[in-house]
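If you read the sequence from its start, that first residue is 1, and numbering goes on from there.
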Amino acid sequence: SGENNLVVVVTTANTGLANNWNCYSDPNTVLIKDVMLDSKKPVLKLTLGEGGETPDPTPDPDPEPGDVCVVEFELIDSYGDGWNGATLTVEATDGTSQTLVLTNGKTANYTIEIAKFAHVVVTFNKGTYDSECSFNIRYQGGSDIHLSPKMQAGQDYTFEFDVDCTPKAPDAPVVKTTVTGQSTVLLTWDVVSGATSYNVYRGTEALATALTETSYTVEGLEAATEYCFFVTAFNEVGESEQGEACATTLNEGDVLVSIGEEAISMIAAPVYDAGPGPLYSLSQQIYTNEEIGLNAGVIKSIAFNQTAGNNNVRNITVYMQNVEKASYVDAYDWVAFSDADIVYQGEFNFGKAGDWVTIEFPNGFEYTGDNLLVSVYDATGTAFGYNYDICDKFSNSTINEWRGMFLTKQTELDLTNLSQYYGSKMNTGNYGTPPNYYYVNNIRLVVAAEEGETPTPSIAAPQNLVATV
């Protein structure tokens, strides 16, 4: 009616599927005739008509004769044995009709010329092992149209779009921040389709222009201060809207401890939510004094690096202990803990791929310079099946000792008697990359000194000593 806010509730089995609804109105209102969901960003496109009657749809612009766009289709199979009977059909209002197949291997690529402004319906037709299948659609030499998730087993999937390869400015970057000290913040963002360079701003001040990489470290900041930064993408057409991210630098006296630099993506820890539900999980990981590099301090938070996920909220309890234990000896060699070791308890959003997610400890943890044991119990009781685009995965680094263990059960665990449970090694296994290596999560700890002090760095023992007589 133009007088109130509009609430639109949409349910659909397939992302990107357009839905046409019959609507009624009186002469004093505007008729909403059509709603289209854009799967690439949260936008609802509403086609409006005159009140009181069903309007004729707005005609598409008439393309010039021979005015076509070259559309690229990339079919992907994560296992590498083809799509096992599944196909992708492409139907357009200009008469285009093709069926695309991936007979064998990991990828197949197709290019199709489609008339500009034609409406296209792309349908994934199920086969077997559909959860291995995904596809990407792009304009040749231009921007992404649709990057599909992996398919759901036994389900068809449809995506619709209107062809328009007219050059345009890029989309705004999605920016992430990582606080790396009291005076520095690292900005990162994903590659933006169609962008040739990036600009970084703080307020109206340009910190960097014409960057070709997708990261930038801001230096010279004040401790314990919140800053907001903006990143834009640029091409021959112009500059995008700003992507914004904010961060607060570390307090004076705080130290950031980073452990792990590799990017091995695994499911086991800190939470395990893949597979059939209900599901409960427990993980334990040992980090050595040498890795932490401090003799004492109060640990204020721990951060994990996501490699997959969908902003999943889990009901977790985090335990921390100072331990002399350096590694596990068998599958029942759990370290017992109690409620006195709890540093965090409650619901936590684990974010999505690329995020460093930080768990803040309300009361901190008194670190005494020993090895550090981190245990995480996930009592959510639900799981995401075998859809590895949705379940949580984290980055890890390889180690030489068995310092990580996990287990999953379909019933709640008895945390007072862990020795009854057989734990699985955190090991990459025969088919991992690299194969048969122990690993632990990459983590970041913020450590504060005791009041009036600073965290004390530990001094590593000399290595490779040679005696000369």
Colleague: Can you name the nearest heavy-atom pair linking Glu360 to Pro362, along with the distance?
Modeller: O-CD, 3.5 Å
Colleague: Check Ala223 against Glu252 and note the closest heavy-atom contact, atom names and distance.
Modeller: CB-OE2, 3.7 Å
Colleague: Using 30° and 60° as the class boundaries, would you call the ring planes of Phe161 and Phe159 parallel, tilted or perpendicular?
Modeller: parallel
Colleague: Any donor and acceptor pair, going by atom type alone, linking the side chain of Thr177 with main-chain N or O of Ala245 inside 3.5 Å?
Modeller: no
Colleague: Looking only at atom types and distance, does a side-chain atom of Asn289 sit under 3.5 Å from a main-chain N or O of Leu294, one as donor and one as acceptor?
Modeller: yes
Colleague: Out of Cys133, Ser131, Ser78, which one pairs with Lys150 under the side-chain contact (heavy atoms from CB on, under 4.5 Å) rule?
Modeller: Ser78
Colleague: Run the side chain to side chain donor-acceptor pair (under 3.5 Å) test against Glu132 and tell me which residues pass, sequence neighbours left out.
Modeller: none
Colleague: Minimum heavy-atom separation for Gly364 and Val298, please, with both atom names.
Modeller: CA-CG1, 3.9 Å
Colleague: Run through Asn312, Asn311, Asn310 and flag the one making a side chain to side chain donor-acceptor pair (under 3.5 Å) with Asp392.
Modeller: Asn312
Colleague: Taking atom OH of Tyr129 as the centre, does the number of heavy atoms from other residues, nucleotides or ligands within less than 6.0 Å exceed 12?
Modeller: no
Colleague: So, do Ser215 and Leu186 sit near enough that their side-chain heavy atoms are less than 4.5 Å apart?
Modeller: yes
Colleague: After noting the C-alpha distance and the side-chain angles of Asn442 and Glu262, does the key distance pass the side-chain hydrogen bond (donor to acceptor under 3.5 Å, both in side chains) rule?
Modeller: CA-CA 8 Å; Asn442 297 337; Glu262 297 177 69; over 6 Å; no
Colleague: Determine yes or no for a side-chain-to-main-chain donor-acceptor pair under 3.5 angstrom, with Ser283 supplying the side chain and Ala269 the backbone.
Modeller: no
Colleague: Kindly assign one of parallel, tilted or perpendicular to the pair Trp402 and Tyr438, based on the angle between their ring planes and the thresholds 30° and 60°.
Modeller: parallel
Colleague: Count the heavy atoms of every other residue, nucleotide or ligand shown that sit under 6.0 Å from CD of Glu213, and state whether that count exceeds 12.
Modeller: yes
Colleague: Please find the pair of heavy atoms, one from Gly404 and one from Val440, that lie closest to each other, and give the distance.
Modeller: N-CG1, 4.3 Å
Colleague: Give a yes or no answer on whether the side chain of Asp156 reaches the backbone of Lys126 with a donor-acceptor pair at less than 3.5 Å.
Modeller: yes
Colleague: So does Glu205 have more than 12 non-hydrogen atoms from other groups sitting under 6.0 Å from CD?
Modeller: yes
Colleague: Taking the inter-plane angle between the rings of Trp334 and Tyr328 on a 0 to 90° scale, is it parallel (under 30°), tilted (30 to 60°) or perpendicular (over 60°)?
Modeller: perpendicular
Colleague: Measuring from Ile137:CD1 to Glu74:CD, what's the distance to the nearest 0.5 Å?
Modeller: 11.0 Å
Colleague: With no hydrogens and no angle check, is any side-chain donor or acceptor of Thr380 less than 3.5 Å from a backbone partner on Asn315?
Modeller: yes
Colleague: OG1 of Thr232 to CD of Gln242: how many Å apart, nearest 0.5 Å?
Modeller: 7.0 Å
Colleague: With no hydrogens and no angle check, is any side-chain donor or acceptor of Tyr367 less than 3.5 Å from a backbone partner on Asp370?
Modeller: yes
Colleague: Yes or no on ring pair (Phe, Tyr, Trp, His ring centres under 6.0 Å) for Phe350 and Phe304, after CA distance, side-chain angles and deciding distance?
Modeller: CA-CA 9 Å; Phe350 274 98; Phe304 299 94; 7.1 Å; no
Colleague: Nearest 0.5 Å please: distance from the OG1 atom of Thr188 over to the CH2 atom of Trp356.
Modeller: 11.5 Å
Colleague: Are the side chains of Glu401 and Ile286 in touch, meaning some heavy atoms are under 4.5 Å apart?
Modeller: no
Colleague: Under a 3.5 Å distance rule, please check whether Thr249 uses its side chain to pair with a backbone N or O of Ser183 as donor and acceptor.
Modeller: no
Colleague: Take a 6.0 Å sphere around CD of Gln410 and say whether it holds more than 12 heavy atoms from other residues, nucleotides or ligands.
Modeller: yes
Colleague: Between Tyr287 and Gln285, does the side-chain hydrogen bond (donor to acceptor under 3.5 Å, both in side chains) criterion hold? Intermediate values first, please.
Modeller: CA-CA 7 Å; Tyr287 295 92; Gln285 300 177 83; 3.3 Å; yes
Colleague: Parallel, tilted or perpendicular: which fits the ring planes of Tyr377 and Tyr280, with parallel below 30° and perpendicular above 60°?
Modeller: parallel
Colleague: Below 4.5 Å, heavy atoms only, C-beta onward: do Asp144 and Asn136 meet side chain to side chain?
Modeller: no
Colleague: Ignoring hydrogens and geometry, is there a side-chain-to-backbone donor-acceptor pair from Lys106 to Asp81 under 3.5 Å?
Modeller: no
Colleague: Mind telling me whether Tyr272 and Phe406 have parallel, tilted or perpendicular rings, with 30° and 60° as the class edges?
Modeller: parallel
Colleague: Look at the rings of Tyr227 and Phe229 and say which category their plane angle falls in: under 30° parallel, 30 to 60° tilted, over 60° perpendicular.
Modeller: parallel
Colleague: Test Thr87 against every option in Asn125, Thr99, Thr123 by the side chain to side chain donor-acceptor pair (under 3.5 Å) rule and name the one that passes.
Modeller: Asn125
Colleague: Would you call Lys325 and Asp333 a salt bridge, taking side-chain N to carboxylate O under 4.0 Å as the test?
Modeller: yes
Colleague: Report yes if some heavy atom in the side chain of Leu88 is under 4.5 Å from a heavy atom in the side chain of Trp83; otherwise report no.
Modeller: yes
Colleague: What residues, two or more places apart in sequence or in another chain, satisfy side chain to side chain donor-acceptor pair (under 3.5 Å) together with Asp339?
Modeller: none
Colleague: Taking it one step at a time, do Thr128 and Asp130 satisfy side-chain hydrogen bond (donor to acceptor under 3.5 Å, both in side chains)?
Modeller: CA-CA 5 Å; Thr128 56; Asp130 296 332; over 6 Å; no
Colleague: If you compare all heavy atoms of Gly203 against all heavy atoms of Phe230, which two are closest, and at what distance to 0.1 Å?
Modeller: N-CE1, 3.7 Å
Colleague: Within a strict 4.5 Å, meaning less than it, do heavy atoms of the Val231 and Leu211 side chains meet?
Modeller: no
Colleague: Working to the nearest 0.5 Å, report the span between CZ of Phe365 and CG of Asn322.
Modeller: 4.0 Å
Colleague: One pair to check against side chain to side chain contact (heavy atoms under 4.5 Å, CB included): Val446 and Leu250. What are the steps and the verdict?
Modeller: CA-CA 8 Å; Val446 174; Leu250 296 183; 4.0 Å; yes
Colleague: Ignoring hydrogens and geometry, is there a side-chain-to-backbone donor-acceptor pair from Asn305 to Ser395 under 3.5 Å?
Modeller: no
Colleague: For the atom pair CD1 (Ile114) and CD (Gln98), what is the distance rounded to the nearest 0.5 Å?
Modeller: 8.0 Å
Colleague: After noting the C-alpha distance and the side-chain angles of Glu226 and Thr248, does the key distance pass the side-chain hydrogen bond (donor to acceptor under 3.5 Å, both in side chains) rule?
Modeller: CA-CA 4 Å; Glu226 183 181 42; Thr248 300; 4.6 Å; no
Colleague: Got a second to check how far Lys425's NZ is from Met405's CE, nearest 0.5 Å?
Modeller: 10.5 Å
Colleague: Counting heavy atoms not belonging to Gln420, are there more than 12 under 6.0 Å from its CD?
Modeller: yes
Colleague: Apply side chain to side chain contact (heavy atoms under 4.5 Å, CB included) to residues Tyr198 and Val200 and explain how you reach the verdict.
Modeller: CA-CA 7 Å; Tyr198 304 93; Val200 179; 5.8 Å; no
Colleague: Which atom names give the shortest non-hydrogen contact between Val175 and Trp189, and what distance separates them?
Modeller: CA-CB, 4.3 Å
Colleague: Donor-acceptor pair, Tyr216 side chain versus Asn199 backbone, under 3.5 Å?
Modeller: no
Colleague: Does Leu256 reach the side chain of Leu445, with side-chain heavy atoms less than 4.5 Å apart?
Modeller: no
